[in-house]
Amino acid sequence: MSDRYCVFGNPVGHSRSPAIHAAFAAQCRQDLMYEAILAPRDGFVDAVRRFVAGGGRGASVTVPFKEEACLVAKRLTDRAKIAGAVNTLVFEGSAVLGDNTDGYGLLRDLTHNLSCQVTGKRVLLLGAGGAARGVIAPLLDTQPAALVVANRTAARAHDLAQRVSRADSLGACGYPQLAGQSFDLVINATSASLGGKLPPLPEGVFAAGSLAYDMMYGQGRTPFLVFAGRQGAARLVDGLGMLVEQAAEAFRIWRGMRPDTTPVMAMLRAAEPAPSATQ
Ligand code: NDP
């Protein structure tokens, strides 16, 4: 019988993870099955238990369960502990390991796929939810000149900055306080694009030559990317590359081999109904 893996989310119907892991498995000649499981918002733990009882070997975790997944794991990797969010679970008998590959995925996409070096840059991170928590420490590790986290609920941005407060270059604020500041890299880690909304950004935050990165994928030009383009950002990128790279890191954790992400990204781009990212 094939080894079983899945992604838990709510909603989860839009997830590309089953197609990505099927492509990785074919490429690496691994006998596995990967499905999308819609867990009830108040039934994540039960859904995980049922999956493990049915022989599940590992799982990806997406919105809104990443924080709850920390409680399911008996052991957390350092990067999951720092994030306080888990996107990858490994089931080994009764032992459950929780990891977070989002930061790896974002940095790999930026530096390897997009040739965008973060070191020495002014970086703005929008949002303070699970996705922002996963990427803030890896971003700081690359030593940007400044990293500002801005959130609609400013207190959550301050809490997040305090969690990882180890650099003078790290700041936190609400959106109005961004007025008059500009950044080389602006990362949208809010869920605003899911609802077709634009975070309330003041004009002028995109420096000349800047890169605008929306973690959302598969939605075409999101309001954030449209706004960034109008405001002079030079490169507009969606989160498909991050999605594939974080999945490749999860696949490595589960199967001990790293797939080549380039053909998988090309396959997903080809399947998109309309161009969704321009670089
Ligand atoms: P959460 O629900 O944990 O956090 C949502 C965040 O978005 C909060 O900071 C919230 O602010 C903010 N927000 C929501 N609506 C708005 C709005 N209209 N204007 C401004 N801010 C808003 O979600 P996640 O952090 O888990 O996910 C965020 C996004 O990142 C999702 O779209 C998800 O699909 C994407 N993602 C993509 C990945 C990839 O691999 N490409 C990986 C992980 C996530 P407040 O605190 O004020 O409520």
Side-chain angles (χ1 to χ4, degrees), residues 7-17 19-21 36 41 44 60-70 79-80 83-88 99-110 113-114 124-136 138-139 148-161 163 172-176 178 186-202 205 213-220 222-225 227 237-251 261 264-265 268-269 272 276-277:
V7 53
F8 290 108
N10 188 330
V12 78
H14 68 289
S15 174
R16 305 278 174 86
S17 295
I20 293 169
H21 283 285
R41 284 183 179 258
F44 173 65
S60 313
V61 181
T62 187
V63 187
F65 300 123
K66 287 183 183 179
E67 287 169 46
E68 207 178 342
C70 287
R79 58 191 180 181
V86 159
N87 78 339
T88 305
D99 202 345
N100 191 312
T101 65
D102 279 341
Y104 172 91
L106 174 68
L107 264 300
R108 171 92 183 162
D109 194 32
L110 285 171
N113 300 334
L114 301 165
L124 173 59
L125 177 64
L126 307 175
R133 291 160 68 127
V135 303
I136 189 168
L139 279 170
V148 174
V149 51
N151 196 45
R152 184 174 59 181
T153 311
R156 288 187 78 196
H158 289 288
D159 287 350
L160 177 54
R163 258 185 98 84
C173 61
Y175 286 95
L178 292 172
V186 181
I187 301 165
N188 184 13
T190 76
S191 54
S193 298
L194 268 174
K197 301 251 169 58
L198 174 68
L201 280 167
V205 295
Y213 193 104
D214 197 336
M215 286 193 189
M216 187 70 219
Y217 56 88
Q219 298 285 307
T222 61
F224 168 75
L225 292 178
F227 179 76
V237 182
D238 74 2
L240 191 78
M242 173 180 173
L243 178 78
V244 175
E245 295 297 350
Q246 65 76 29
E249 175 70 351
F251 193 91
T261 52
V264 179
M265 263 184 277
L268 294 171
R269 288 280 180 226
E272 281 177 349
S276 84

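Counting starts at 1 for both ligands and their atoms, in listed order.
Comparing heavy-atom distances from atom 4 (O) of ligand 1 across Pro64, Gly174, Gly129 singles out Gly129 as nearest. Between the choices Gln246, Glu245, Met216, Arg156, the shortest heavy-atom distance to atom 34 (O) of ligand 1 belongs to Met216. When Gly196, Ser193, Ser191, Gly127 are ranked by how near their heavy atoms come to atom 7 (O) of ligand 1, first place goes to Ser191.
Using a 4.0 Å cut-off to heavy atoms of Ala189, the atoms of ligand 1 that qualify are 25 (O), 28 (C). Atoms of ligand 1 found under 4.0 Å from any heavy atom of Thr190 (numbered from 1 in listed order, with element): 6 (C), 7 (O), 12 (C), 13 (N), 21 (N), 22 (C), 28 (C), 29 (C), 32 (O).
In terms of N/O distances under 3.5 Å, ligand 1 is approached by Gly239. The shortest N/O to N/O separation between Ala131 and ligand 1 falls below 3.5 Å. Not one N or O of Lys66 is nearer than 3.5 Å to an N or O of ligand 1, by distance alone. Residue Leu243 has at least one N or O atom closer than 3.5 Å to an N or O atom of ligand 1. In terms of N/O distances under 3.5 Å, ligand 1 is not approached by Ala132. Among the atoms of Pro199, none of the N or O lies under 3.5 angstrom from an N or O of ligand 1. The shortest N/O to N/O separation between Asn151 and ligand 1 falls below 3.5 Å.
Ligand 1 has at least one atom lying under 4.0 Å from a heavy atom of Ala128.
Relative orientation of the Phe8 and Phe44 rings is perpendicular, given thresholds of 30° and 60° on the angle between their planes.
Although no hydrogens or angles enter the test, the distance criterion places a donor-acceptor pair under 3.5 Å between the side chain of Gln246 and the main chain of Leu243.
To the nearest 0.5 Å, atom CD1 of residue Ile187 and atom CD1 of residue Ile136 are 10.0 Å apart.
The protein non-hydrogen atom at the shortest distance from atom 37 (C) of ligand 1 is Met215 O, 3.3 Å.
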